[in-house]
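Below, chains carry the letters A, B, ... as their sequence lines are ordered, and counting in each starts from 1. Because only heavy atoms are used, hydrogens play no part in the values below, and waters and symmetry mates are left out as well, while side chains stay in.
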There are 2 protein chains.
Amino acid sequence: MTLSAINSQGGYDGDMSDSQPARGRPSHIDPAAIADAAIALFQTHGYDAISMDRVAEEAGISRRSLFRYFPAKGDLVWHGSAPVEARLHGILAALPVGTLTYSVLTDAVVDSLHALDHREGVTRARLRLIAGHADLLAQGPTKLATFWTELEAFLTTRLGDAHRARVLALAIRTVVFDALLRWAAGEEHDFSATVSAALATLGALGTLSEC
Amino acid sequence: MTLSAINSQGGYDGDMSDSQPARGRPSHIDPAAIADAAIALFQTHGYDAISMDRVAEEAGISRRSLFRYFPAKGDLVWHGSAPVEARLHGILAALPVGTLTYSVLTDAVVDSLHALDHREGVTRARLRLIAGHADLLAQGPTKLATFWTELEAFLTTRLGDAHRARVLALAIRTVVFDALLRWAAGEEHDFSATVSAALATLGALGTLSEC
DNA sequence: CTATTAATGGCACTCAGTGTCATAATATGT
DNA sequence: ACATATTATGACACTGAGTGCCATTAATAG
């Protein structure tokens with residue numbers, strides 16, 4: 001919920017729930033703008049060729065402050081996934097009790113990803129960077145941890161079987177992420193269709209005997 | 001094939017196929033021994049607390065040579081997965097044509113992992129290190145790339161459908177790896193049973209409507 | 001004995017990431 | 001208005017991973 005906390009840049013303003021009037025020195029730093037600028041640098045010069053010093057210089061802040069907002073270089077690329085996680089939360093909570101079919105579930109997952117589709121250009125750029133870099137690619141499960149753990153928690157309560165929920169969540173995670181990367185690479189054009197097709201294939205894995 | 005190339009340490013002697021008489025300076029360095037020693041250090045002092053300098057010192061070689069054998073620190077932990085990949089290769093090649101059921105396939109995967117079970121103590125130690133460290137954990141798909149790509153290639157030729165093969169390979173990869181980690185963590189005792197059960201659960205995902 | 005080939009070590013370098021501390025800028029209380 | 005608590009920022013130094021370069025060493029082939 002709290003979809004209003006999602007700003008137009010696709011960033012996330014943090015915990016806006018009980019916002020006390022601001023104390024202390026206010027920040028003049030805009031993380032979303034810095035991330036976007038960094039992405040642009042990465043695209044033109046290559047991820048490895050751009051150092052954190054360079055990003056800080058470009059953003060007009062000190063190197064130390066940059067690391068305060070982005071504890072790891074990869075966070076610059078992963079920044080902006082919070083809206084997707086927030087949306088999934090809302091969608092799962094809205095699912096009626098007792099009517100969980102596989103297709104309903106996968107539709108919910110696909111629906112939550114529409115937050116990505118919104119800023120299609122930037123998202124594609126980020127995903128392409130991720131796909132092109134083994135280090136970044138490997139961070140998918142970690143950096144989107146909220147998304148995946150929320151999905152698994154939901155499935156655990158709905159299925160009653162923690163083991164089965166875990167397998168299902170893991171499989172969905174891997175297949176969805178792979179579909180996103182293929183979409184970003186340009187192999188597929190329709191965002192939702194790509195993810196939906198991948199999940200449909202996953203659901204039919206048990207019927208392998210036909211070969 | 002070439003299972004004889006697997007030495008008693010669980011290491012892999014590289015390409016022994018057309019071994020010319022050795023030229024140049026011979027190496028006095030034993031990568032498997034170094035990896036094992038490093039694992040021991042990691043276990044007692046923690047992965048982060050042990051620098052590559054320390055490992056090199058312990059092994060009695062220069063830091064530079066250490067990096068020549070293990071280009072990344074994580075490779076010390078992942079070392080020894082080659083036998084598993086070799087075994088999978090042999091098992092897949094031996095599968096009779098035209099009789100590929102899901103259970104036959106998963107049995108083959110489980111069977112290939114017996115190379116891990118052999119040195120149970122060391123394998124558990126390594127997997128525990130991996131499980132306890134997000135960086136290492138994320139490298140699973142990359143470091144075992146040969147294993148997974150071989151599986152996917154096999155499925156592609158057998159199924160005829162590249163897309164379906166990819167989804168299947170991805171799902172198996174994730175679920176198997178997760179099962180291995182749970183086994184290493186001590187949550188499960190029977191190695192094969194753990195992996196088999198996870199794969200069986202995966203095969204039955206499509207039937208979700210019963211809840 | 002010489003040339004060739006390959007392994008190793010020493011050194012310096014880049015860059016990611018962290019700890020510490022001084023300083024600046026804001027709001028609150030008097 | 002003024003002192004104080006609170007927070008953001010920057011400056012600096014440090015650790016450790018990983019790389020490039022080159023001299024050196026140890027083997028074999030002729």
*Charged N to carboxylate O under 4.0 angstrom, B:Arg166 versus B:Asp161?*
no
_It should be established whether A:Ser27 places a side-chain nitrogen or oxygen under 4.0 Å from OP1 or OP2 of nucleotide D:dT7._
no
_Determine whether a donor-acceptor pair (N or O, by modelled atom type, separation under 3.5 Å) exists between the side chain of A:Lys73 and the backbone of A:Ser51._
no
*Kindly write out the residues that satisfy side-chain contact (heavy atoms from CB on, under 4.5 Å) with B:Arg25, not counting sequence neighbours, or none if the list is empty.*
none
*Keeping to residues at least two apart or across chains, list the salt bridge (Lys or Arg N to Asp or Glu O under 4.0 Å) pairs with something in residues 183-192 of chain B.*
B:Arg182-B:Glu188
_So that I can tick it off, tell me whether B:Arg173 and A:Asp178 are bridged by a salt bridge, with the cut-off set at under 4.0 angstrom between side-chain N and carboxylate O._
no
*Tell me, which of residues 130-137 of chain B have any heavy atom that sits under 4.0 Å from an atom in DNA chain C?*
none
_Output the rounded distance in Å from CD (B:Gln139) to C1' (D:dG18)._
14 Å
*For A:Tyr69 and D:dT9, is the shortest distance between a side-chain N/O and OP1 or OP2 below 4.0 Å?*
yes
*What ring pair (Phe, Tyr, Trp, His ring centres under 6.0 Å) pairs are there with at least one residue in residues 184-205 of chain A, not counting sequence neighbours?*
A:Trp183-A:Phe191
Distances under 3.5 Å only, N/O to N/O: pair up the protein atoms with those of nucleotides 25-29 of chain D.
| residue | atom | partner | partner atom | Å |
| --- | --- | --- | --- | --- |
| D:dT25 | O2 | B:Arg25 | NH1 | 3.3 |

*Who passes ring pair (Phe, Tyr, Trp, His ring centres under 6.0 Å) against B:Tyr47, sequence neighbours left out?*
B:Phe42, B:His133
_Under the side-chain contact (heavy atoms from CB on, under 4.5 Å) test, residues paired with B:Ala125 that sit two or more places apart_ = B:Ile39, B:Gln43
*Quick one: CG on B:Leu155 to CG on B:Leu151, what's the gap to the nearest 0.5 Å?*
4.5 Å
*Taking five pairs at each end of the helix from C:dC1-D:dG30 to C:dT30-D:dA1, what angle separates the two helix axes (nearest 10°)?*
0°
*Under the side chain to side chain donor-acceptor pair (under 3.5 Å) test, which residues partner A:Arg128, sequence neighbours left out?*
none
*For residues 131-144 of chain B, pull every pair meeting salt bridge (Lys or Arg N to Asp or Glu O under 4.0 Å), keeping only residues two or more places apart or in separate chains.*
B:Asp75-B:Lys143
*Would you indicate whether B:His118, at its atom NE2, is surrounded by more than 12 heavy atoms from other residues, nucleotides or ligands within a distance under 6.0 Å?*
no
*Does A:Ser62 make a side-chain N or O approach to OP1 or OP2 of D:dG10 shorter than 4.0 Å?*
yes
*Partner set under ring pair (Phe, Tyr, Trp, His ring centres under 6.0 Å) for A:Phe70, not counting sequence neighbours*: A:His79
*Gap between atoms CD and C1', on B:Glu57 and C:dG9 respectively (whole Å)*: 15 Å
*Contact pattern, 5' to 3', of nucleotides 12-20 of chain C - B, S or - by protein heavy atom under 4.0 Å*: ----BBBBB
*For A:His28 and D:dA8, what is the distance between atoms NE2 and P respectively, to the nearest whole Å?*
12 Å
